[in-house]
Amino acid sequence: MESGGDAGRERRLYGPSDSKVSPRFSGIRTYARLPHVTEHLDGVDVAIVGIPFDTGGTYRVGARFGPEHIRSASALMRPFHSGSGVAIFDRLSVVDYGDLPVVPGYIEESQRRIAAGLVEVLRFGVIPIDLGGDHSIALPELRALAEVHGKVGLIQLDSHSDTSEAYFDQPYTHGTPFYHAVKEGLVEPSRSIQVGLRGPVYSDRDYAIPREMGMEVITGVEAHELGMAAVAERIKKRVGDSKVFFSFDIDFIDPAYAPATGTPEIGGFTTWEAQSLVRRLAGLNYVAFDVVEVIPAYDVADNTSFVAANIVYEFLALLARAR
Ligand code: MN
Ligand code: MN
């Protein structure tokens with residue numbers, strides 16, 4: 001769908017510019033060559049929102065450049081999702097909202113600005129797909145969601161639980177957001193599930209903590225043994241019809257496919273397994289998504305950004321199929 005149209009129309013269907021008219025490598029980079037729109041979001045279904053914050057990183061940093069690189073890689077996205085047979089932008093009005101303001105080095109002030117910025121988007125009834133940023137942004141994302149939608153369920157694909165209470169005696173890092181989200185009452189643990197946990201951990205408490213907090217956990221080993229179809233059934237059963245936030249840590253994918261991330265773990269999932277899993281999760285009551293932990297400086301041939309751009313595209317297809 002062309003982005004042009006009658007401004008007087010009630011519902012403007014925003015979509016990408018036509019890549020058969022202007023080639024995909026040309027132009028200013030927004031996600032999938034969508035229009036950059038920051039005002040009058042009435043009638044918009046989905047907004048791509050950059051959150052270029054990486055002060056929560058505990059090992060590698062540089063996810064502040066994630067949104068920029070994911071957008072650049074996303075120029076390859078064509079408008080028809082062949083995997084599910086939907087013309088995404090015929091069904092959904094989608095914009096690129098640009099980036100939220102963050103303050104590098106100041107996590108609590110950034111959390112305030114991120115949450116306030118997201119509330120602005122959510123109040124229009126828009127579903128944000130956020131581009132991180134490290135995973136610490138999940139806490140302000142969930143604070144904003146709680147303000148507008150109340151408590152939500154969580155689907156977290158990640159090789160880490162991110163439910164430590166503190167790191168270095170500090171509460172807010174990319175290893176702690178879901179601990180605080182549950183403690184603050186932002187997340188409904190009985191409607192929440194973490195999938196893909198693996199790798200060396202500090203102790204057996206690492207997987208016990210999220211379970212004791214009431215969340216379901218499918219470890220990486222269990223997910224491999226179950227297969228994606230069975231994992232999808234467990235996720236759908238867990239979430240039910242509750243409002244749900246889908247948080248995709250790119251380290252869920254094996255570093256062979258997505259090396260440019262903060263804390264890579266081997267034994268992960270292929271890009272096809274990730275696509276296969278996400279595509280089985282249509283019809284849930286999604287209120288927000290994110291893709292986090294892309295650190296382009298560690299990338300090879302932009303592979304990780306390209307994977308992230310495609311995961312965002314899978315999220316758009318999920319929402320388009322529900323129309
Ligand atoms: Mn994470
Ligand atoms: Mn992780």
Side-chain angles (χ1 to χ4, degrees), residues 51-64 66-67 70 107 111 114 129-142 154-167 170-182 186-187 192-202 206-207 209-211 213 215-224 235 245-271 273-274 277-278 288-296 298-299 304-305 307-308 311-312 315:
I51 307 182
F53 183 75
D54 59 11
T55 299
T58 56
Y59 193 68
R60 294 172 173 172
V61 291
R64 66 183 64 181
I70 295 168
I107 194 161
Q111 288 171 342
I114 292 165
I129 301 179
D130 301 329
L131 313 177
D134 71 54
H135 222 162
S136 71
I137 66 169
L139 185 57
E141 287 176 295
L142 283 161
L154 170 72
I155 300 170
Q156 181 189 348
L157 304 191
D158 200 329
S159 62
H160 314 94
S161 166
D162 298 346
T163 50
S164 294
E165 183 174 357
Y167 265 76
Q170 299 300 315
Y172 304 124
T173 76
H174 72 161
T176 65
F178 300 105
Y179 174 88
H180 295 285
V182 171
L186 314 174
V187 161
S192 298
I193 183 162
Q194 302 184 316
V195 180
L197 279 58
R198 63 183 190 269
V201 293
Y202 292 105
D206 282 56
Y207 299 166
I209 288 168
R211 287 173 167 140
M213 291 171 81
M215 294 196 279
E216 184 171 345
V217 172
I218 302 177
T219 65
V221 171
E222 290 164 346
H224 280 299
I235 293 173
F245 171 46
F246 194 150
S247 191
F248 195 115
D249 187 325
I250 203 71
D251 69 29
F252 174 78
I253 308 263
D254 193 87
Y257 304 87
T261 192
T263 42
E265 306 290 354
I266 67 164
F269 299 88
T270 65
T271 48
E273 284 172 314
L277 177 56
V278 173
F289 299 80
D290 71 17
V291 178
V292 298
E293 296 282 343
V294 173
I295 304 185
Y298 290 93
D299 217 351
T304 313
S305 295
V307 171
I311 295 300
V312 171
F315 289 157

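In listed order, ligands and their atoms are each counted from 1. Positions are given from 1, in the same order as the sequence printed here.
For P140, the side chain to side chain contact (heavy atoms under 4.5 Å, CB included) partners at least two apart in sequence or on another chain are Q111, I114, A115.
Side-chain contact, E165 with H180: no donor N or O sits under 3.5 Å from an acceptor N or O.
The set of protein atoms (N, O or S) found at less than 2.8 Å from the Mn ion (ligand 1) reads H135 ND1, D158 OD2, D162 OD2, D249 OD2, by chain and number.
Between L197 and Y207, the shortest heavy-atom contact is C-OH, 3.4 Å.
By the 30° and 60° cut-offs, the orientation of the rings of F252 relative to F248 is perpendicular.
For the pair R64 and F53, the cation-pi criterion (under 6.0 Å, within 45° of the ring axis) is not fulfilled.
Using a 4.5 Å cut-off on side-chain heavy atoms (C-beta onward), F315 and V291 make contact.
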